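All ligand and atom numbering here is 1-based and tracks the order in the structure. What you see is a predicted model; the values in this text were computed from it and never measured.
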Amino acid sequence: MTTRLLIVGPQGSGKGTQGVRIAEAFGIPAISTGDVFRGAVADGSPLGQQVKAIIESGNLVPDELTSAVVRDRLSQADAAEGFLLDGFPRNIAQVASLDDFLEGRDESLDAVIELDVPRDESIARLSQRAAEQGRTDDTEEVIANRLAIYERETAPILDVYRTRGIVDRIDGVGGLDEITERIVAALEARGLLRPAAA
Ligand code: ADP
């Protein structure tokens with residue numbers, strides 16, 4: 001059985017953490033475009049050199065480049081049976097690009113997990129992460145920019161997926177395990193089975 005998932009939520013919603021947990025539960029790779037870009041910056045690769053300044057300002061990497069990176073990653077063998085994408089698509093143009101790619105392979109998304117966290121809570125979590133991890137894009141000004149871009153460009157993609165009936169809105173406030181269980185329950189209710197349970 002294949003499982004193709006997206007996880008969408010504002011910065012600080014915990015989508016990275018939950019994405020990894022859900023991918024593990026369903027035996028699929030978690031693919032985070034933010035992680036890919038940060039890794040490239042850390043390596044000093046040509047991609048990293050291209051995106052470093054953009055990421056540090058909290059702006060979006062150009063769609064063409066991001067979409068190419070994702071297509072490349074989804075073409076690798078470990079994504080043949082499914083994947084969980086975190087951080088992509090992030091705007092309507094990227095939705096179209098993902099649609100094209102999947103249609104070309106006769107594939108489609110099974111579910112979109114919307115992690116719902118109030119703005120205050122997500123800002124509080126980000127400030128804490130800034131103190132703990134010192135991510136260069138976690139300064140107050142850059143956080144505000146990223147959240148504004150989320151509301152303007154990313155939140156609308158959920159409406160597109162909602163018309164397809166594939167969005168599960170999950171309350172993202174609570175204990176880590178509790179939230180993972182909520183997501184798993186929603187996916188199972190769609191008939192998506194974890195390998196152990198299949
Ligand atoms: P966050 O969601 O907390 O902002 P991410 O790790 O998802 O963090 O992304 C970090 C940065 O990587 C973004 O601010 C952006 O510059 C870049 N990025 C990640 N995904 C995309 C995407 N799909 N399109 C464009 N830029 C992206």
Side-chain angles (χ1 to χ4, degrees), residues 4-23 29-74 79 83-102 109 112-158 160-161 170 172 179:
R4 298 190 177 89
L5 306 173
L6 305 184
I7 189 161
V8 182
Q11 289 74 11
S13 61
K15 70 185 165 57
T17 306
Q18 294 298 335
V20 168
R21 287 170 161 234
I22 296 302
I31 301 170
S32 154
T33 44
D35 283 350
V36 171
F37 290 140
R38 277 186 293 277
V41 171
D43 292 347
S45 68
L47 174 65
Q49 289 169 28
Q50 251 177 302
V51 303
K52 185 171 192 288
I54 301 173
I55 290 179
E56 286 177 355
S57 62
N59 291 312
L60 294 188
V61 173
D63 289 336
E64 295 251 317
L65 184 56
T66 307
S67 294
V69 165
V70 172
R71 279 197 300 271
D72 218 57
R73 181 62 189 87
L74 293 183
F83 52 79
L84 178 146
L85 276 175
D86 162 10
F88 184 93
R90 224 178 180 87
N91 59 31
I92 297 283
Q94 293 182 8
V95 169
S97 160
L98 182 62
D99 281 347
D100 274 357
F101 176 80
L102 292 177
L109 294 173
V112 176
I113 303 156
E114 175 186 4
L115 211 49
D116 193 25
V117 172
R119 203 187 157 89
D120 290 356
E121 169 85 14
S122 102
I123 290 175
R125 291 185 191 173
L126 286 170
S127 321
Q128 194 181 344
R129 186 172 77 187
E132 289 167 4
Q133 299 179 3
R135 242 174 71 167
T136 50
D137 61 350
D138 273 347
T139 63
E140 204 172 311
E141 202 184 321
V142 176
I143 287 172
N145 187 32
R146 282 155 56 216
L147 280 170
I149 294 176
Y150 179 82
E151 313 227 321
R152 192 175 67 233
E153 298 201 33
T154 307
I157 77 170
L158 288 165
V160 175
Y161 290 125
I170 306 293
I179 297 166

Item checked: Exam field: side chain Ser45 to backbone Val41, donor-acceptor pair closer than 3.5 Å -> no

Check: Got Leu65 and Gln50 here, is their nearest side-chain heavy-atom distance under 4.5 Å?
Finding: yes

Check: Are any non-hydrogen side-chain atoms of Asn91 and Asp63 less than 4.5 angstrom apart?
Finding: yes

Residues 143-150, side-chain donor-acceptor partners within the protein, below 3.5 Å, at least two apart:
from	atom 1	to	atom 2	distance (Å)
Asn145	ND2	Ser57	O	3.0
Asn145	ND2	Asn59	OD1	3.0
Arg146	NH1	Asp137	O	2.3
Arg146	NH1	Asp138	OD1	3.0

Item checked: Minimum heavy-atom distance Arg125-Gly172, with the two atoms named -> NH2-O, 3.0 Å

Next item on the list: Tell me which part of Thr66 gets within contact of ligand 1: side chain, backbone, both or neither, using heavy atoms under 4.0 Å.
Entry: side chain

Margin query: So if I count the atoms of ligand 1 from 1 in the order they appear, which ones are less than 4.0 Å from some heavy atom of Phe88?
Written below: 23 (N)

Check: Which heavy atom of Asp86 sits nearest a heavy atom of Lys15, and at what distance?
Finding: OD1-NZ, 2.8 Å

Checklist line | Proximal ligand 1 atoms for Lys15, defined as those under 4.0 Å from one of its heavy atoms | finding: 2 (O), 7 (O)

Notebook entry, point to check: Considering only protein heavy atoms, which is closest to atom 8 (O) of ligand 1, and at what distance to one decimal place?
Noted result: Arg135 NH2, 3.3 Å

Check: What do we get for Asn91 next to ligand 1 when only non-hydrogen atoms under 4.0 Å count, side chain, backbone, both or neither?
Finding: neither

Next item on the list: Measure from atom 2 (O) of ligand 1 to every heavy atom in Gln94, Lys52, Arg146, Arg90 and give the option owning the shortest one.
Entry: Arg90

Check: What's the shortest distance from atom 26 (N) of ligand 1 to any protein heavy atom, and which residue and atom give it?
Finding: Val61 N, 3.0 Å

Note to self: Would the distance check show the side chain of Gln49 and the main-chain N or O of Gly44 forming a donor-acceptor pair, the cut-off being under 3.5 Å?
What the structure shows: yes

Check: So which of Asp138, Ile55, Val70, Asp86 gets nearest to atom 11 (C) of ligand 1, if we judge by its closest heavy atom?
Finding: Ile55

Checklist line | Nearest protein heavy atom with distance in Å, relative to atom 10 (C) of ligand 1 | finding: Arg38 NH1, 3.6 Å

Next item on the list: Please check if the side chain of Thr33 supplies one atom and the backbone of Gly87 the other of a donor-acceptor pair under 3.5 Å.
Entry: yes

Note to self: Keeping Ser97 on the side-chain end and Ser67 on the backbone end, is there a donor-acceptor pair under 3.5 Å?
What the structure shows: no

Checklist line | ligand 1 atoms in contact with Gln11 (distance to a heavy atom under 4.0 Å) | finding: 1 (P), 2 (O), 3 (O), 4 (O)

Check: Using a heavy-atom cut-off of under 4.0 Å, does the side chain or the backbone of Arg129 touch ligand 1, or both, or neither?
Finding: side chain

Check: What residue and heavy atom of the protein are closest to atom 20 (N) of ligand 1, and at what distance?
Finding: Thr33 OG1, 2.7 Å

Checklist line | Nitrogen or oxygen of Gly87 less than 3.5 angstrom from that of ligand 1 | finding: yes

Next item on the list: Compute the shortest N/O to N/O distance between Asn59 and ligand 1 and return yes if it is under 3.5 Å, no if not.
Entry: yes

Notebook entry, point to check: Which residue holds the protein heavy atom closest to atom 17 (C) of ligand 1, what is that atom called, and what is the gap in Å?
Noted result: Phe37 CD1, 3.8 Å

Notebook entry, point to check: Is the backbone N or O of Leu60 less than 3.5 Å from a side-chain atom of Arg90, with the two atoms forming a donor-acceptor pair by type?
Noted result: no

